[in-house]
Amino acid sequence: MSTHDEHQRNVESSENAEREVSAKMPPDEGSSSSTRHPSTNALPPTERRLVELLATISHEMRTPLTVIDGYTSTLLRRTGELPQEEHDEFLQIIQQASQHMELLLSRLIEIAELEAGLVQIEVSLLDLPALAREAIALAHRHIPEPLRDRFTFHLQCRDEVGKQTEEVSPVKGDGQRLRQVLEHLLENAIRYSPEGGRIDLIMRPAPQGGNVSEHDQLRDTPSFLEICVCDFGIGVPEDHLKRIFEHFYRVDTRLTREVYGLGLGLTICDHLVALHHGRMWAESCPEGGSAFHVWLPCEKLPVGR
Ligand code: ADP
């Protein structure tokens with residue numbers, strides 16, 4: 001069998017693994033890649049959620065494992081025969097599949113710890129504009145070299161009437177965790193803007209009343225700072241805006257199929273913001289693209305909690 005055939009066979013078997021698991025799943029509501037197992041309907045909601053989660057995790061692990069198995073078998077069988085270039089290419093594919101599994105496991109551990117209440121935040125007074133600049137620098141590294149010129153980042157601080165300002169309301173929180181949230185939102189803005197474009201990071205006092213009414217527990221808090229990450233990429237269809245915060249939920253589009261993702265990043269961000277007694281949500285922008293909003297209470301958490 002030629003190397004090309006071997007490669008093709010490995011690709012096909014990983015696609016088959018994907019299909020095999022998907023075939024056991026019924027068609028999902030809407031067009032997301034979130035999974036639902038047919039036999040779970042009769043179970044109580046908590047058990048159903050657990051079974052579905054386990055099915056999804058097995059699904060997510062099986063594809064990289066099939067890739068690793070297929071390509072290592074080829075390498076073992078054809079030691080010394082493969083041209084160096086192909087040998088290296090196969091090793092890179094194996095390395096990428098292992099990295100995907102590692103990312104999956106670390107995100108799962110992070111979610112498990114968050115949901116078990118094991119994550120504590122270290123609170124101090126934050127310099128949010130400085131934090132945002134750091135997050136932009138970190139996110140910038142995720143842009144593949146040839147695409148770097150296509151993106152521009154704009155950090156803006158505004159006052160109550162929308163005027164540009166240098167300062168934002170004081171917020172107390174865990175700098176490392178909030179930088180993680182901003183970095184993830186910026187990384188998504190990059191990944192889901194295939195043509196590149198402008199990415200805005202805006203900080204401003206949140207309008208009083210507004211969306212808070214949905215969340216009574218936030219009513220007593222006097223004021224919030226809003227951080228908004230806006231892009232002009234593919235956007236999120238209206239009926240998926242809430243669900244993208246669920247475990248493993250991804251909107252099924254040609255681009256999301258090409259961009260590697262697990263649908264866990266926003267779930268983690270949501271938990272981290274909740275730990276700060278804040279909230280987050282997404283909306284589509286009329287000009288295209290999407291906006292992710294994070295509201296953080298200005299003076300709620302005591303330092304050193
Ligand atoms: P991941 O991106 O790894 O799949 P996330 O939890 O970060 O996981 O995002 C969940 C889904 O939300 C993505 O798969 C994508 O469908 C959608 N999404 C998130 N951010 C954006 C964005 N800025 N633009 C368009 N879609 C987005």
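Every number for a ligand or one of its atoms is a count from 1 in the order of the listing. All residue numbers in this chain count up from 1 along the given sequence.
With salt bridges taken as basic N to acidic carboxylate O contacts below 4.0 Å, one links D200 and R198.
At a 4.0 Å heavy-atom cut-off, ligand 1 touches N188 through backbone and side chain alike. Residue H184 touches ligand 1 through its side chain alone, judged by heavy-atom distances below 4.0 Å. Residue T253 does not touch ligand 1, judged by heavy-atom distances below 4.0 Å.
Within ligand 1, counting atoms from 1 as listed, the ones closer than 4.0 Å to a heavy atom of V236 are 25 (C), 26 (N), 27 (C). Of all atoms in ligand 1, listed by their number and element, those nearer than 4.0 Å to a heavy atom of Y249 are 10 (C), 11 (C). Close approach to L264 involves these atoms of ligand 1, each under 4.0 Å from a residue heavy atom: 6 (O), 8 (O).
Counting protein heavy atoms only, atom 14 (O) of ligand 1 is closest to R250 NE, 3.1 Å. Remark: minimum distance from atom 13 (C) of ligand 1 to any protein heavy atom is reached at Y192 OH, 3.4 Å. Atom 23 (N) of ligand 1 has its closest protein heavy atom at D231 OD2, 2.9 Å. Ranking the protein heavy atoms by distance from atom 17 (C) of ligand 1 puts I244 CG2, 4.0 Å first.
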Check your understanding: Run the salt bridge (Lys or Arg N to Asp or Glu O under 4.0 Å) check on E246 and R243 step by step: do they pass?
Key -> CA-CA 5 Å; E246 293 174 12; R243 296 203 66 189; 3.2 Å; yes
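Distances between N or O atoms of L262 and those of ligand 1 include at least one value under 3.5 Å. Of the polar atoms of R107, none of the N or O atoms is found under 3.5 Å from an N or O of ligand 1, judged by distance alone. Considering backbone and side-chain N/O atoms, F292 never comes within less than 3.5 Å of an N/O atom of ligand 1. Polar contact check, G263 against ligand 1: a nitrogen or oxygen pair lies under 3.5 Å apart. Checked by distance only, ligand 1 and V251 come closer than 3.5 Å through their nitrogen or oxygen atoms.
Using bins of under 30°, 30° to 60° and over 60° for the plane-to-plane angle, the ring pair F90/Y71 lands in the perpendicular bin.
Within the 4.5 Å cutoff, the side chain of K163 has no heavy atoms near those of the R158 side chain. Looking only at side-chain heavy atoms (C-beta outward), S284 and S290 stay at 4.5 Å or farther from each other. Inter-residue side-chain proximity for F151 and I190 is flagged as met; some heavy-atom pair is nearer than 4.5 Å.
Of the N and O atoms on the side chains of D88 and Q84, at least one donor lies less than 3.5 Å from an acceptor on the other residue.
Under the side chain to side chain contact (heavy atoms under 4.5 Å, CB included) test applied with E160, the options P205, S223, P207 reduce to a single match, P205. Evaluated for a salt bridge (charged side-chain N to carboxylate O under 4.0 Å, His left out) with R177, the options E110, E122, E183 yield exactly one hit, E110. Checked options V181, L186, I227, I244; the residue passing with F292 is I244 (criterion: side chain to side chain contact (heavy atoms under 4.5 Å, CB included)).
At least one heavy atom of R191 sits less than 4.0 Å from an atom of ligand 1. Under a 4.0 angstrom heavy-atom cut-off, S290 registers as being in contact with ligand 1.
Cluster membership for L138 and I136, using ILVMFWY side-chain heavy atoms within less than 4.5 angstrom, is not shared.
Nearest to atom 6 (O) of ligand 1 by heavy atom, out of L266, D270, L241, is L266.
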